[in-house]
K.L.:
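Okay, here's the structure, questions in a sec.
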Amino acid sequence: MSIRVRFAPSPTGMPHVGVIRTAIFDWLLARHHNGKFVLRIEDTDRSRYVEGAVDNIIGALKWLGMDIDEGPSAGGDYGPYYQSERLPLYYRYVKYLIDEGRAYWCNCTPERLDKIRKEQQAKKMPVGYDNKCWNLGLNGEPGDGVHVLRFAIPPGMTTTFHDELRGDITVDNDELDDFVLLKRDGFPTYHFASCIDDHHMAISHVFRGEEWLSSAPKHKLLYDALGIEPPKFVHVPVILGPDRKKLSKRHGAANVLEYKQMGYLPEAIFNFLALIGWNPGTEDEILSKEQLAELFTVERINTSAGIFDIDKLNWMNGEYIRAMPLESLVERLRPAMSEWGWIDDGFEPWGKEYVAGVCALMQERLKTLVEMREKAFFFFEEFESYDPKGAKKAFKGDDIIDRLSAAREKLEKTEWTVVGIEAAIRETAEKFGVGAGKIIHPIRLAVSGISAGPGLFEMLHILGRKKVIARIDKAIESL
RNA sequence: GGCCCCAUCGUCUAGUGGUCAGGACAUCGGCUUUUCAAGCCGACGGCACGGGUUCGACUCCCGUUGGGGCUACCA
């Protein structure tokens, strides 16, 4: 049997981290088995449809490097891949289900449903539809505006479904109510559409959030009524925020595309997300998509919810930044640097060599791409003030101006190489009979405005003699 | 309220009826060092609780507690 998995989001907003993690599992299983990764858009709720949501979803998958084998933009033999375009397929099953006594039309109004629900709640009774229209033999048509189609749950028995991770789960049918298959507007509910589509798209494994666990028995019953074999179900654990609540904007960002904005690399996000709720069984955790796919098995997925630990993501992102060839880092940083006005569409006015030199110095100091802005601004911008804390420590002593001036003189004449610069500064320190730090720290502050950064000699070398001298002069003036 | 799922360091997790319960992130300390990082070394820290079953339970069973989910003409 060939492995076919589908990622089936509804276009109701931004691609949520938890949703994307499910897609990652889908993709990993497909690639592991050389199967197909299918994208299906579940747009059956017209009221919640968000313009551009599909593009964002596809954009997120693309950013993360998950190639789609079949889907709206990729095509395929099992289309259409929008559920809204598959209505005739769903309608084909309506008559059959009604004839078999497994579904019936219902004309109960939302108001009535609301009323009985409130009464049930008030009496602390289990809530659910009261089957009023069952056996009324109502005649309806899909989308006639007054009827919904309901599934008739066989009463007085139990239903067992199989979850690949948790095993068999049995529930009492009386806990299930006659759920809606077709809504008043003629669109199917998730339950109806996904069962039919998964079958018709020959899906072998369904990964979905564990919030679907409760409705899994309904789906099992539906499959039985339809006379079709269900796919394998894997209910994956949810991803929570640090407060153990569902991950949301309050926790920073719940939308993967925002992580792109925050300077995270897609490789790191993919790697990190793959490791929440699943483990590769290896000691090493830094793994490429290909390695993850190689290692991926359903059995190693966990059953308990995981917390999104931004600290670990930061570490992992830093690992990826450091492991990257300089050339790649420059390219990744380029759009941002351009946005900050540091460079134009090329590398002007600084030139590629200068920009690459800065990137090389910053590479092991970045956890995210955007940190570049606050840590390397002085390579590209003039600044007006010195870090107060740093100034208090570095710009002190009666002879501070003398030390700065002396270093300036040396730097003006020395050979402009890293070694030459280092020699100039160490000689200055010697001349004053002080530790090198007494010269290094003031110069660092004078030249960068901050007290933390790359090694001073390399830094000065990149900045260039002219700018270094000018900034030292400016600092002396301010003292 | 009813039903369902889950439970190993702060976090992600490995693990077995008998282990010194292992790793990673974070934290703390040290080394290195001109700062910040990086790197290396080390420390801290865990089987939620109570009953069983068993020669023996972190592991199996039951309960409790805690967390999560469902209970829509949303997915």
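Order of the sequence lines sets the chain letters (A, B, ...), proteins ahead of strands, with each chain counted from 1.
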K.L.:
Any side-chain N or O of A:Lys218 less than 4.0 Å from the OP1 or OP2 oxygen of B:C70?
P.N.:
no

K.L.:
State which of B:A75, B:G68, B:C6 makes the closest approach to the side chain of A:Tyr190.
P.N.:
B:A75

K.L.:
Report the relative orientation of the aromatic rings in A:Tyr259 and A:Phe308; use parallel for angles under 30°, tilted for 30 to 60°, perpendicular for over 60°.
P.N.:
tilted

K.L.:
Rounded to whole angstrom, note down the C1' distance from B:A38 over to B:C44.
P.N.:
23 Å

K.L.:
For the side chain of A:Thr303, starting at C-beta, report the closest nucleotide among B:C36, B:C3, B:C6.
P.N.:
B:C6

K.L.:
Would you indicate which nucleotide in B:C12, B:A75, B:G15 comes nearest to any side-chain atom of A:Arg244?
P.N.:
B:C12

K.L.:
Tell me whether A:Glu141 at atom CD has more than 12 heavy atoms from other residues, nucleotides or ligands lying less than 6.0 Å away.
P.N.:
no

K.L.:
Would you call the rings of A:Trp212 and A:His219 parallel, tilted or perpendicular if under 30° counts as parallel and over 60° as perpendicular?
P.N.:
tilted

K.L.:
Roughly how many Å apart are B:G17 and B:G50, using the P atom of each and rounding to a whole number?
P.N.:
23 Å

K.L.:
I'd like the P distance from B:G51 over to B:U59, given in whole Å.
P.N.:
13 Å

K.L.:
Picking from B:A75, B:G23, B:U13, which would you name as closest to the side chain of A:Glu283?
P.N.:
B:G23

K.L.:
Once the angle between the rings of A:Tyr90 and A:Phe192 is folded into 0 to 90°, is it parallel (under 30°), tilted (30 to 60°) or perpendicular (over 60°)?
P.N.:
tilted

K.L.:
How long is the line joining CH2 of A:Trp315 and C1' of B:G39, in whole Å?
P.N.:
14 Å

K.L.:
Using the P atom in both, what is the distance from B:A43 to B:U34, to the nearest Å?
P.N.:
28 Å

K.L.:
Between B:C6 atom P and A:Glu210 atom CD, what is the distance in whole Å?
P.N.:
9 Å

K.L.:
Could you give the distance separating B:A24 and B:U19 at their P atoms, to the nearest angstrom?
P.N.:
23 Å

K.L.:
Considering only side-chain heavy atoms of A:Leu213, which listed nucleotide, B:A14, B:C5, B:A75, is closest?
P.N.:
B:C5

K.L.:
Do any side-chain nitrogens or oxygens of A:Arg208 fall under 4.0 Å of OP1 or OP2 in B:G69?
P.N.:
no

K.L.:
What is the distance, rounded to the nearest whole Å, between atom CZ of A:Arg117 and atom P of B:G2?
P.N.:
19 Å

K.L.:
Would you say A:Asn302 places a side-chain N or O within less than 4.0 Å of OP1 or OP2 belonging to B:A14?
P.N.:
yes

K.L.:
Applying a 4.0 Å non-hydrogen cut-off, can you work out what A:Glu42 is touching in the nucleic acid: base, sugar-phosphate, or nothing?
P.N.:
sugar-phosphate

K.L.:
Between B:C58 and B:G42, how many Å separate the two P atoms, rounded to a whole number?
P.N.:
29 Å

K.L.:
Name the closest nucleotide to the A:Arg166 side chain, picking from B:C25, B:A75, B:C5.
P.N.:
B:C5

K.L.:
Rounding to a whole Å, what distance do you find between A:Ile169:CD1 and B:C70:P?
P.N.:
15 Å

K.L.:
Does a nitrogen or oxygen in the side chain of A:Arg322 sit under 4.0 Å from OP1 or OP2 of B:G39?
P.N.:
yes

K.L.:
So that I can tick it off, tell me whether A:Arg48 and A:Asp45 are bridged by a salt bridge, with the cut-off set at under 4.0 angstrom between side-chain N and carboxylate O.
P.N.:
yes

K.L.:
Determine the contact category for A:Gly128: base if any of its heavy atoms lies under 4.0 Å from a base atom, sugar-phosphate if only primed atoms, P, OP1 or OP2 are that close, otherwise nothing.
P.N.:
nothing

K.L.:
If you measure from the P atom in B:G56 to the same atom in B:A7, how many Å do you get, rounded?
P.N.:
26 Å

K.L.:
Using atom C1' of each nucleotide, how far apart are B:U71 and B:A14 to the nearest Å?
P.N.:
37 Å

K.L.:
Go through the steps for A:Tyr386 and A:Phe395 under the test ring-ring contact (aromatic ring centres under 6.0 Å, His included), then give the verdict.
P.N.:
CA-CA 10 Å; A:Tyr386 303 98; A:Phe395 286 169; 5.3 Å; yes

K.L.:
Among the nucleotides B:G69, B:A75, B:G39, which one has an atom lying closest to any side-chain atom of A:Glu319?
P.N.:
B:G39

